[in-house]
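Structure first, then comments.
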Amino acid sequence: MTVNTLEPLEAPRRARASIALVFAVHGAVGGTFVTRIPWIQDRLDLSPGQLGLALVMPAVGSSLAMPLAGRFVHRYGGRAAVRGLISLWCLTLTLPALAPALPVLCAVLLVYGATAGMADVAMNAQGVEIEQRLGRSIMSGLHGMWSAGGLLASGFGILAAHLDLDARLQLAVTALVLLALAQPVCRGLPDLRAPEEAQAPPRFALPPRSSLVIGLVGFCAVFGEGASMDWSGVYLKDVTGASATVAAASYTAFSLTMAVSRLAGDAVIRRLGAVRTTRLGGAIAAVGGVLVVAADHPAVAVPGFALIGVGVAVIVPLAFAAAGRIGSNPSQAIAGVATVTYTSGLIAPAVIGALAQATSLTVSFGLVTLLVFALLLSAGALRRAEPDFAAGKVTAVSPEVAPDKDLSTR
């Protein structure tokens with residue numbers, strides 16, 4: 001049995017716009033929360049160590065919950081899964097500011113991370129399906145929308161902090177606005193469902209072996225991203241003698257670089273293909289790492305961090321795209337890649353800090369440089385992300401895949 005994807009492109013294009021806005025909403029929730037962390041720290045009188053413990057919880061929650069997403073998508077369908085999970089993700093934004101003490105904050109952030117991770121898997125699975133329907137790369141742009149949503153929301157959060165607004169009120173209002181936005185947006189998503197006779201995935205599915213190599217490519221990219229985002233300000237201040245203003249602006253500048261690169265990344269992927277784009281990205285990131293390691297002045301380190309951001313920006317979207325083409329359950333493979341990939345983001349700041357304590361920050365970013373250089377050698381693992389259809393054409397779904405999907409958009 002073969003099933004044609006939607007013949008007129010209007011429905012897939014509508015679906016693309018819808019999933020892009022879902023990514024933006026997801027990013028906006030995270031961007032809003034980050035800006036009010038200092039308020040939460042002051043309210044609970046948390047030490048840096050206590051705050052650090054609390055901020056590990058979202059990553060732990062994501063890693064634990066992501067493998068559950070495949071069964072959720074199988075049971076409720078792709079559109080309902082995205083709508084339900086992104087709604088929960090919006091609502092959990094209200095909880096951290098309400099926590100009365102550190103233990104409650106840790107528990108709340110564990111739930112916050114779990115809903116974020118499952119929503120992440122479900123929306124990436126939808127993105128891969130829509131990409132295949134359109135016949136051209138869109139995953140990098142979707143992740144660019146996530147970054148753009150986070151940047152826009154962080155701007156509002158910074159303004160709220162500047163006006164000294166109570167974070168409980170601000171987070172509650174923002175959560176309701178984003179929740180209201182997500183509902184009509186999700187209606188444009190395709191209602192992908194497994195057939196009734198299809199076997200449900202396990203309640204807690206371990207990552208398929210085929211996704212582990214892809215996940216390791218993402219691991220290297222996210223390690224460079226996480227290390228740069230969390231440590232660039234410290235590196236600029238302590239190693240290159242940058243002013244406090246320059247050091248503080250490093251996170252925003254790096255995030256902006258990532259967002260722009262992702263939004264532009266699909267055009268590069270369409271031209272070069274996934275493997276060559278990954279190798280090019282690894283080379284650019286490695287050059288950036290060398291500049292950072294060699295830097296004795298902010299004017300050298302800042303471009304270095306920017307190049308790391310440009311180089312790794314499209315790797316995770318490509319990893320998810322490759323995972324989504326493994327087997328008959330894309331959400332399970334994406335969950336596996338996401339678990340391996342995001343574990344890197346969990347451990348990268350700690351590894352950099354521990355290595356810097358034992359040696360120096362310069363040595364720590366030598367490790368970062370080696371890992372992003374490894375992208376040149378491992379790029380072949382993302383060959384599954386290469387388009388198997390002509391750009392701009394809607395093609396038939398293969399016989400192996402078609403029975404598992406209801407491709408109607410209702």
Side-chain angles (χ1 to χ4, degrees), residues 25-65 85-120 146-147 149-182 226 229-234 237 244-245 247-252 254-255 342 345-350 352-353:
V25 169
H26 194 285
V29 175
T32 299
F33 168 66
V34 167
T35 61
R36 301 321 304 263
I37 289 175
W39 186 95
I40 294 170
Q41 181 182 20
D42 290 343
R43 177 172 180 264
L44 299 182
D45 193 26
L46 302 178
S47 69
Q50 290 173 321
L51 180 62
L53 173 64
L55 293 180
V56 166
M57 292 298 112
V60 173
S62 288
S63 297
L64 292 176
L85 290 169
I86 198 71
S87 298
L88 284 174
W89 171 228
C90 291
L91 291 174
T92 57
L93 177 61
T94 64
L95 300 179
L98 300 176
L102 177 62
V104 178
L105 179 64
C106 288
V108 161
L109 291 179
L110 195 70
V111 174
Y112 173 88
T115 57
M118 290 193 292
D120 200 336
W146 184 91
S147 298
L151 282 171
L152 182 62
S154 68
F156 285 110
I158 291 170
L159 177 62
H162 177 72
L163 296 175
D164 200 24
L165 292 180
D166 190 304
R168 290 168 292 191
L169 175 62
Q170 186 227 332
L171 295 186
V173 170
T174 302
L176 292 176
V177 169
L178 293 175
L179 177 65
L181 176 62
M229 292 182 75
D230 288 358
W231 285 95
S232 59
V234 177
K237 179 172 65 71
T245 302
S250 61
Y251 172 82
T252 301
F254 186 85
S255 298
Y342 292 156
L346 173 62
I347 68 171
I352 293 297

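Small disclaimer: the values here were computed from a predicted structure and weren't measured. Values below: all heavy atoms of this structure, side chains included; hydrogens, waters and symmetry mates excluded.
Under the rule for a side-chain hydrogen bond (donor to acceptor under 3.5 Å, both in side chains), the partners of Ser87 that lie at least two apart in sequence or sit in another chain are Gln183. With sequence neighbours left out, Trp146 forms a side-chain hydrogen bond (donor to acceptor under 3.5 Å, both in side chains) with His26. Listed by chain and residue number, Tyr112 satisfy the ring pair (Phe, Tyr, Trp, His ring centres under 6.0 Å) test with Phe33 (two or more places apart in sequence, or in another chain). Remark: Leu46 pairs with Gln41, Leu44, Gln50, Leu51, Leu102, Leu105 by the side chain to side chain contact (heavy atoms under 4.5 Å, CB included) rule, at least two apart or across chains. Scored by the side-chain hydrogen bond (donor to acceptor under 3.5 Å, both in side chains) test, Ser62 finds no partners at all (sequence neighbours excluded). Residues forming a side-chain hydrogen bond (donor to acceptor under 3.5 Å, both in side chains) with Thr32 (at least two apart in sequence, or on another chain): none.
If you take CG on Asp120 and OG1 on Thr115, they are separated by 11.0 Å, rounding to the nearest 0.5 Å. From Cys106, atom SG reaches atom CG of Leu55 across 9.0 Å, with rounding to the nearest 0.5 Å.
Annotation: side chain to side chain donor-acceptor pair (under 3.5 Å) contacts involving residues 149-174, sequence neighbours excluded, comprise Arg36-Gln170, Asp166-Arg168.
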Show me the donor-acceptor pairs within less than 3.5 Å that the side chains of residues 91-100 make with the rest of the protein, sequence neighbours left out.
{"from": "Thr92", "atom 1": "OG1", "to": "Leu88", "atom 2": "O", "distance (Å)": "3.4"}
{"from": "Thr92", "atom 1": "OG1", "to": "Trp89", "atom 2": "O", "distance (Å)": "2.8"}
{"from": "Thr94", "atom 1": "OG1", "to": "Leu91", "atom 2": "O", "distance (Å)": "2.8"}

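Here the closest heavy-atom approach between residue Ile86 and residue Ala182 is recorded as CG2-CB, 4.0 Å.
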